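See structure below.
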There are 2 protein chains.
Amino acid sequence: MEKQTITIYDVAREAGVSMATVSRVVNGNPNVKPDTRQKVNEVIERLDYHPNAVARGLASKKSTTIGVILPDITNPFFASLARGIDDIAEMYKYNIILENSDENVNRKLEVFENLLTKQVDGVIYMGNVIDDRLREAFKNSRTPVVFAGSIDDKQALPSVSIDYKMATEESVDKLIKDGNKHIAFVSGSIEEPVNGKYRLEGYKKALKKGDITYNKKLVFETDYNYDSGVMLASDIAASDATAAFVGNDSLAAGLLNGLQDLDVKVPEEFEIISSNNTEITKMMRPQLSSVGQPMYDTGAVAMRLLTKLMNNEEIEERNIVLPFDMVFRQSTK
Amino acid sequence: MEKQTITIYDVAREAGVSMATVSRVVNGNPNVKPDTRQKVNEVIERLDYHPNAVARGLASKKSTTIGVILPDITNPFFASLARGIDDIAEMYKYNIILENSDENVNRKLEVFENLLTKQVDGVIYMGNVIDDRLREAFKNSRTPVVFAGSIDDKQALPSVSIDYKMATEESVDKLIKDGNKHIAFVSGSIEEPVNGKYRLEGYKKALKKGDITYNKKLVFETDYNYDSGVMLASDIAASDATAAFVGNDSLAAGLLNGLQDLDVKVPEEFEIISSNNTEITKMMRPQLSSVGQPMYDTGAVAMRLLTKLMNNEEIEERNIVLPFDMVFRQSTK
DNA sequence: CTGTTAGCGCTTTCAC
DNA sequence: GTGAAAGCGCTAACAG
């Protein structure tokens with residue numbers, strides 16, 4: 001049925017030139033006489049020749065493939081980032097190998113090894129947790145790694161993200177301005193730098209500006225999902241909080257619904273500001289106010305940065321901070 | 001900093017054996033004396049040797065990589081399928097190259113070519129649209145392709161999905177049993193087999209059983225997203241429909257909110273049954289009733305099927321139909 | 001059980 | 001502008 005694999009050698013023979021010349025035209029090398037080029041192209045067409053990327057990768061030591069490590073592709077936040085990455089990758093002719101890490105450190109190490117084994121030209125890392133072993137592995141490999149939507153708190157590696165501290169600060173500013181004196185901070189584990197280091201600091205800074213003393217009891221750590229939010233609602237309703245900054249949309253959605261099920265009126269009795277402005281913020285009733293984070297762009301910019309790193313181009317800024325905005329909807333006054 | 005790439009040859013020399021032997025121990029070939037094996041493993045450890053998957057791929061003609069073509073990874077339905085695929089792929093030591101097609105036929109052809117170029121061992125295809133050129137390309141390649149969560153209406157290619165016709169039929173049965181005489185059918189383009197061929201047929205069959213005449217005006221085609229649902233709400237409210245079967249959760253969510261914004265009470269005045277039972281069905285108020293589709297499992301089973309195909313194992317059934325269930329929540333009586 | 005020997009299909013000096 | 005030849009790092013007969 002299907003004919004034998006046809007190789008560069010077949011094309012060379014048919015066109016009466018050498019493999020080197022075929023290789024040149026395939027790769028757009030200018031040092032080929034137009035006549036020759038055309039002749040070769042005709043044969044390529046006629047034989048329906050397709051270069052073998054694996055052989056090419058072995059010879060050139062470039063795979064035109066990059067690895068993408070993320071916690072879970074079903075999380076809309078990471079899916080959006082991945083989409084941004086993929087679109088730019090496509091533009092630069094790179095393919096993407098996807099790896100779900102479930103934020104498991106050992107798994108990340110394995111996965112990274114595996115990616116190196118596959119000779120990826122670069123990797124984009126997403127995830128809120130990063131430990132020293134992984135950081136070491138990243139640094140020791142000569143494969144460039146960039147962080148997307150995540151920050152290495154040691155700032156040792158290139159990254160693209162928003163200013164989480166300031167975004168949180170502005171959110172809490174707004175909540176204070178609305179008259180709230182007791183504001184909950186809801187997030188995933190504060191072991192994660194994005195929460196414990198950046199967001200929490202922004203939260204504290206806003207409190208200080210508002211002359212409100214920080215109360216540890218108003219810091220709620222849980223998982224990033226809807227059901228956790230629902231379950232958290234009773235705890236929060238039982239506290240004296242009248243507003244919350246929430247670090248994740250699914251979590252915020254759960255909290256909102258949970259609170260309403262307990263007959264707490266939002267925003268009249270309780271205000272909520274969420275963090276990622278994914279589509280579900282619009283689906284909720286009342287609609288959730290949120291920090292607006294350019295997820296797609298974060299992925300896109302990270303990929304663009306990676307291409308520069310892979311080509312050893314000059315980099316102006318290794319730690320890129322993208323602008324965010326505040327989207328006020330119905331869950332705030 | 002980083003030492004030279006160390007190869008199988010280095011290991012062989014250091015261990016005083018041949019490359020072939022090293023290759024054997026690396027690949028777990030049993031024909032190696034335990035002593036030798038251990039000696040080689042020690043050297044591998046000491047030299048921190050990592051096999052080069054590209055070279056291996058060239059020599060063995062296997063890349064241990066598969067391609068996954070889907071419309072858009074930010075669509076939760078496809079993201080869940082992708083997760084199922086990835087988990088099983090990992091189990092069988094395959095990696096996944098992700099390709100977003102945006103349901104664009106030309107792009108799909110390109111992307112598929114590219115995947116073949118990269119020598120993937122198999123491909124999983126998701127998408128509701130498939131035209132003859134693509135089907136031909138799939139069949140002509142000797143790379144196995146399986147459909148996941150989608151059906152090739154010609155049934156020519158292996159696939160894994162639920163029985164969309166029956167799921168729709170059962171949904172509409174329920175709506176009829178609740179007393180509705182005018183039931184809208186809302187989906188994406190009925191050019192897509194899943195809608196025009198399977199779901200619509202199930203819809204018609206249920207109507208016939210309920211002695212309701214099919215009314216073309218109650219068939220609404222639109223895009224698979226929240227805003228389209230919102231916009232559709234006024235049209236549907238203006239029709240005489242008192243219930244709707246909707247082929248997509250985001251769309252159903254938009255319709256639900258749109259209807260409520262028009263003061264239509266759900267489910268008292270209007271019932272809705274959606275299709276994918278993604279998490280947003282639970283987030284909506286009232287919560288959406290939905291066909292429960294095993295998305296993760298569909299991906300997982302498709303990947304398992306692909307592994308069999310790649311190994312030329314016997315296949316009992318090429319077109320696997322997974323069970324679905326009906327999840328009744330608050331958008332139905 | 002182990003070693004030898006060809007390649008896999010392509011890129012890349014280095015000559016001419 | 002073009003060709004010859006040497007690998008890239010590994011697998012897979014084939015001997016022995």
Side-chain angles (χ1 to χ4, degrees), chain A residues 3-41 43-44 47-65 93 113-114 116-121 142, chain B residues 3-41 43-44 47-65 93 114 116-121 142-143:
Chain A
K3 43 226 166 281
Q4 304 283 354
T5 316
I6 93 109
T7 75
I8 200 172
Y9 177 76
D10 300 315
V11 177
R13 183 170 29 72
E14 285 288 311
V17 299
S18 72
M19 294 167 51
T21 299
V22 178
S23 175
R24 287 190 188 98
V25 347
V26 168
N27 293 295
N29 184 316
N31 294 349
V32 181
K33 216 194 313 177
D35 287 10
T36 322
R37 181 183 303 281
Q38 188 183 343
K39 190 173 52 181
V40 171
N41 276 135
V43 176
I44 287 179
L47 264 40
D48 192 31
Y49 165 71
H50 292 277
N52 177 324
V54 173
R56 181 182 287 191
L58 182 58
S60 68
K61 295 173 165 304
K62 290 205 183 81
S63 61
T64 60
T65 300
K93 308 287 181 203
E113 275 308 335
N114 175 241
L116 295 183
T117 279
K118 294 252 166 157
Q119 312 300 121
V120 295
D121 299 331
R142 56 210 132 177
Chain B
K3 43 229 167 277
Q4 306 282 355
T5 316
I6 94 108
T7 76
I8 200 172
Y9 177 76
D10 300 315
V11 177
R13 183 170 30 72
E14 285 288 311
V17 299
S18 72
M19 295 166 49
T21 300
V22 178
S23 175
R24 287 189 189 98
V25 346
V26 168
N27 292 295
N29 183 316
N31 294 348
V32 182
K33 213 195 314 178
D35 287 11
T36 322
R37 180 183 303 280
Q38 189 184 341
K39 190 172 53 180
V40 171
N41 277 135
V43 176
I44 286 179
L47 264 39
D48 192 31
Y49 165 72
H50 293 277
N52 177 325
V54 174
R56 179 183 289 187
L58 182 58
S60 68
K61 295 173 164 306
K62 290 206 185 82
S63 61
T64 60
T65 300
K93 307 289 181 202
N114 176 242
L116 295 184
T117 279
K118 293 252 165 156
Q119 314 299 120
V120 295
D121 299 330
R142 56 214 128 170
T143 305

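Just so we're clear, the structure is a prediction, and the values are computed from it rather than from any experiment. Excluded from the calculations below are hydrogen atoms, water molecules and symmetry mates; all remaining heavy atoms, backbone and side chain alike, are included. Naming: A, B, ... by sequence-line order, numbering from 1 per chain.
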Search all heavy atoms of A:Ser18 against all heavy atoms of A:Ala12 and return the closest pair with its distance. C-CB, 3.7 Å
Flag yes if more than 12 heavy atoms outside A:Lys39 fall under 6.0 Å of its NZ atom; otherwise flag no. yes
Euclidean distance, atom CG of residue A:Leu116 to atom P of D:dG9 [Å, nearest integer]: 15 Å
On a heavy-atom basis, which atom in A:Asp10 and which in A:Thr5 lie closest, and how many Å separate them? OD2-O, 4.0 Å
Yes or no on side chain to side chain contact (heavy atoms under 4.5 Å, CB included) for A:Val11 and A:Val26, after CA distance, side-chain angles and deciding distance? CA-CA 11 Å; A:Val11 177; A:Val26 168; over 6 Å; no
Considering all heavy atoms, the nearest A:Ala53-B:Gln119 contact: N-OE1, 4.4 Å
Distance alone, cut at 3.5 Å: any donor-acceptor contact between the side chains of A:Thr65 and A:Lys118? no
For A:Val120 versus A:Ser63, what's the shortest heavy-atom pair and its separation? CA-OG, 3.5 Å
Relative orientation of the end axes in the helix from C:dC1-D:dG16 to C:dC16-D:dG1, expressed as an angle to the nearest 10° (five pairs per end): 30°
N/O donor-acceptor pair under 3.5 Å between A:Ser60 side chain and A:Arg56 backbone: yes
For D:dG3, take OP1 and OP2 only and decide whether either is under 4.0 Å from a side-chain N or O of A:Thr21. yes
Treating A:Asn27 as the side-chain partner and A:Asn29 as the backbone partner, does any N or O pair qualify as donor plus acceptor under 3.5 Å? no
B/S/- along nucleotides 7-16 of chain C (protein heavy atoms under 4.0 Å) is BBBBBB----
Using whole Å, what does the distance between atom P of nucleotide D:dC8 and atom NZ of A:Lys118 come to? 22 Å
Taking all heavy atoms of B:Tyr49 and all of B:Thr7, pick out the closest pair and write down the distance. CE1-C, 3.6 Å
Near-strand residues of residues 29-36 of chain A, defined as heavy-atom separation under 4.0 angstrom from DNA chain D: A:Asn31, A:Val32, A:Lys33, A:Thr36
